[in-house]
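To start, the structure under review is shown below, and the notes come after it.
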Amino acid sequence: QSTMPTTASIQLKSSKSDVPTGVFINNEWRESSDSSTFEVLNPATGAVLTQVAHGKAADVDEAVKAARKAFKTTWGKTVGPEERARLLNKLADLMERDIEVLAELESVNGGKGVRIAREMDIADTIGCLRYYAGWAGKVAGETIETTPKTKLAYTLLEPFGVCGQIIPWNYPIGMWGWKVAPALAAGCAIVMKPSELTPLTALYLCNLIAEAGYPAGVFNLVPGLGATAGAAIASHMDIDKVAFTGSVLTGRKIMEAAAKSNLKKVTLELGGKSPVVVFPSADLEQAANWAALGIFFNSGQDCTAGSRLFVHEDVHDKFVELLVQKAQACAIGNPLDEKTSFGPLISAQQRDKVLSYVESGVSEGATLATGGKKWNADGNEGFFIEPTVLSNCKPSFKCVQEEIFGPVASVLKFSSEEEVLELANSSIYGLGAGVFTNDAKQAMRVSGELSAGTVWVNSYNLLSNAVPFGGMRQSGMGRELGLAGIKEYLAVKSVHHNLGEDLE
Ligand code: NAD
């Protein structure tokens with residue numbers, strides 16, 4: 001907990017990169033208010049990468065003051081939509097310039113295969129910035145006809161104000177982009193807290209925000225823990241909205257803090273236990289490919305992970321055989337290797353939690369078809385576990401009910417469409433769902449009946465920046481991406497002009 005410099009030199013694949021490690025307020029770096037820090041690890045080795053400033057309530061308060069000032073003066077008063085679009089595109093250009101450093105940082109801090117970080121996480125985030133640059137100033141209010149006619153009524157869509165944004169560790173850059181792009185396109189000012197496990201890319205991006213030319217105070221980053229910086233954002237009296245992605249447990253705390261403070265608007269993207277349903281008419285090889293992607297992508301640390309696999313009894317055994325093959329073919333290894341697609345879990349705690357779910361599944365009667373163990377190449381200390389398939393699961397098993405957030409597929413057998421819809425929809429969550437069938441009527445019927453914010457038919461986990469994303473029930477409220485995503489950062493103001501109605 002000693003006094004820290006505000007930059008660390010991080011070893012990447014072939015070079016070192018200077019990464020800021022402080023609190024970013026008003027386009028400047030500073031130590032945290034009490035000079036304390038926390039450790040950030042490389043999950044593939046367990047080694048400490050650096051210390052990062054531990055922002056506290058006092059830092060959040062400073063950041064909010066800076067954001068409020070920008071919102072009331074420069075950013076909010078003089079920067080028009082064309083300039084907001086230009087700045088977002090400029091930021092995207094700078095990310096393209098620095099894509100290699102960003103990809104390698106995302107890889108060493110988040111454990112992602114570097115190629116996937118570059119070609120998916122970062123490429124999609126650059127796309128998200130450009131997509132929302134296109135919406136800046138183009139989401140308009142309406143003129144409304146009224147009775148009496150002697151009135152002109154219209155709505156204005158105004159930026160919501162100062163927005164708190166709290167993001168998780170599973171997609172550090174991806175979730176940064178989903179939050180930052182619509183908020184800046186709408187004209188809001190931001191106080192963000194990255195996950196304490198993966199703050200490095202968000203820290204690096206602050207310098208690009210300043211370089212792009214954003215006025216001071218528009219974007220502020222307070223790294224810190226949930227209980228400190230996170231809680232201070234959720235309960236701040238001068239934050240107008242908080243956007244959160246993370247667990248249900250924390251989502252509840254955020255809503256509670258919002259309710260107890262200033263009733264700020266809350267949007268939540270929470271967990272899931274998404275069902276994937278495989279009918280007999282499906283192309284089984286394709287279904288297994290997509291299902292494997294659905295549960296093993298990002299080592300299963302995915303809010304939409306297709307973790308409950310319902311397979312029709314006629315094709316069950318063949319499907320399990322194919323899924324096991326796909327699991328065993330996952331390219332597990334050093335995330336900085338271009339070939340790696342399956343990296344470590346984010347922490348030792350997360351790995352142990354996932355392994356305890358595997359144990360509980362087996363003790364309740366599931367068959368461990370493959371995986372289920374720690375994986376350590378060359379005696380490394382990373383937090384890897386093998387891609388895992390638990391077959392013969394029953395709906396009541398803990399591994400079927402609860403979000404595992406790791407690479408564990410729980411496979412269940414079903415015999416009728418009616419039965420499987422009942423089972424698939426009986427979850428507290430409603431984030432994603434998948435259906436595999438070559439019967440077009442069945443595809444329409446079942447996708448209509450599945451209760452989830454996103455349903456994939458004959459694919460899984462394919463997102464687009466233009467298509468809204470979010471949850472039903474305890475998977476959250478509000479939407480990100482698409483037109484719906486920017487509307488969450490705009491407030492509707494109604495204006496009534498009296499055109500001649502005189503009061504006696
Ligand atoms: P988490 O809830 O532990 O943490 C998320 C963020 O909240 C972190 O930045 C953390 O520091 C902060 N936080 C923790 N306690 C807080 C508090 N009391 N007040 C304010 N902030 C606090 O979640 P996680 O473990 O980082 O992420 C995994 C979870 O995120 C999973 O449940 C997953 O399903 C979910 N997730 C959802 C989506 C989605 O879009 N629906 C996307 C990714 C992850």
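Any value given below was found using the heavy atoms of this structure, including those in side chains, with hydrogens, waters and symmetry copies removed. We number each residue from 1, following the sequence as shown.
A donor-acceptor pair under 3.5 Å links the side-chain atoms of D240 to the main chain of V162, judged by distance alone. Distance alone, capped at 3.5 Å, is enough to place a donor-acceptor pair between the R308 side chain and the K273 backbone. Judged by distance alone, the side chain of N220 and the main-chain N or O of N26 form a donor-acceptor pair under 3.5 Å. Side chain of S274 to backbone of G306: no donor-acceptor contact under 3.5 angstrom is found. Judged by distance alone, the side chain of N425 and the main-chain N or O of E449 form a donor-acceptor pair under 3.5 Å. One N or O on the side chain of S235 and one on the backbone of A231 form a donor-acceptor pair closer than 3.5 Å. Under a 3.5 Å cut-off, the side chain of K138 and the backbone N or O of G134 do form a donor-acceptor pair. Proximity of a side-chain donor or acceptor of R68 to a complementary backbone N or O of D238 within less than 3.5 Å is detected. No donor-acceptor pair under 3.5 Å is formed between the side chain of T250 and the backbone N or O of G246. A distance-only check finds no donor-acceptor pair linking the side chain of S107 to the backbone of A103 [under 3.5 Å].
E501 and T150 share a side-chain donor-acceptor pair at under 3.5 Å. For R473 and S451, the side-chain atoms include at least one donor-acceptor pair closer than 3.5 Å. With no hydrogens or angles considered, a side-chain donor-acceptor pair links K264 and S261 at under 3.5 Å. Under 3.5 Å, the side chains of T437 and S281 contain a donor-acceptor pair of N or O atoms. With no hydrogens or angles considered, no side-chain donor-acceptor pair links T201 and N109 at under 3.5 Å. At a cut-off of 3.5 Å, with distance as the only test, a side-chain donor of K241 or T267 sits close to an acceptor on the other residue. No hydrogens or angles considered: nothing links the side chains of Y132 and N465 as a donor-acceptor pair under 3.5 Å. A donor and an acceptor atom, one from each side chain of S415 and H312, are nowhere located under 3.5 Å apart. A donor-acceptor contact under 3.5 angstrom links the side chains of N298 and K112, judged on distance only.
Applying the 6.0 Å contact sphere to CE of M472 captures more than 12 heavy atoms from other residues, nucleotides or ligands. Summarising the local packing, NZ of K265 is surrounded by more than 12 heavy atoms from other residues, nucleotides or ligands at distances under 6.0 Å. Atom NZ of K493 has 12 or fewer neighbouring heavy atoms from other residues, nucleotides or ligands inside a 6.0 Å radius. The neighbour count for E422 CD, taken as heavy atoms of other residues, nucleotides or ligands under 6.0 Å away, does not exceed 12.
Side-chain contact between L197 and V40 is absent, with no heavy atoms from C-beta onward closer than 4.5 Å. Considering only heavy atoms from C-beta on, R118 stays 4.5 Å or farther from I122 through its side chain. Between W176 and P194, the closest side-chain pair of non-hydrogen atoms is not below 4.5 Å. Contact of the E480 side chain with the E269 side chain is registered, since non-hydrogen atoms from C-beta on lie closer than 4.5 Å. Between L221 and V23, the closest side-chain pair of non-hydrogen atoms is not below 4.5 Å. Side-chain contact between W456 and L463: present, with at least one pair of heavy atoms (C-beta onward) separated by less than 4.5 Å. At least one side-chain heavy atom of M255 sits under 4.5 Å from a side-chain heavy atom of L268. Side-chain contact between I486 and L483 is present, with at least one heavy-atom pair separated by less than 4.5 Å.
You'll find the ring centres of F405 and W169 inside the 6.0 Å limit. Aromatic ring centroids of W178 and Y171 lie 6.0 Å or more apart. The aromatic ring centres of H497 and Y154 sit less than 6.0 Å apart.
Between N89 and A133, the shortest heavy-atom contact is ND2-CB, 3.6 Å. Of all non-hydrogen atoms in A70 and A216, the two that sit nearest each other are CB-O, 3.5 Å. The minimum heavy-atom distance between Q350 and I404, with the atom names listed, is NE2-O, 3.9 Å. Contact record, Y429 with E403: OH-CB, 4.0 Å, taken as the closest heavy-atom pair. Taking each heavy atom of A259 and L263 in turn, the nearest pair found is CA-CD2, 3.9 Å.
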Discussion item. As a quick check of understanding, evaluate salt bridge (Lys or Arg N to Asp or Glu O under 4.0 Å) for R86 and E82, giving each step before the final call.
Written reply: CA-CA 6 Å; R86 192 191 67 78; E82 295 87 351; over 6 Å; no
Worksheet item: Can you check side-chain contact (heavy atoms from CB on, under 4.5 Å) on R97 and L208, steps first, answer last?
Response: CA-CA 10 Å; R97 182 195 69 192; L208 301 193; 3.7 Å; yes
Discussion item. Test salt bridge (Lys or Arg N to Asp or Glu O under 4.0 Å) on R130 and D93; report intermediate values, then the result.
Written reply: CA-CA 9 Å; R130 297 203 188 284; D93 292 344; 2.7 Å; yes
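Remark: of the listed residues F310, F279, F319, F279 is the sole one forming a ring pair (Phe, Tyr, Trp, His ring centres under 6.0 Å) with F414. Paired with Y214 under the rule ring pair (Phe, Tyr, Trp, His ring centres under 6.0 Å), one option of W75, F24, F219 passes, and it is W75.
Between atom OG of residue S247 and atom CG of residue L270 there is a gap of 7.5 Å, rounded to the nearest 0.5 Å. The distance from atom OG1 of T454 to atom CG of N461, rounded to the nearest 0.5 Å, is 9.5 Å. The distance from the CD1 atom of I209 to the CD atom of E211 is 11.5 Å, given to the nearest 0.5 Å.
For Q474, the side-chain contact (heavy atoms from CB on, under 4.5 Å) partners at least two apart in sequence or on another chain are V248, R252, I428.
Using cut-offs of 30° and 60° for the angle between ring planes, the W135 and Y131 rings count as perpendicular.
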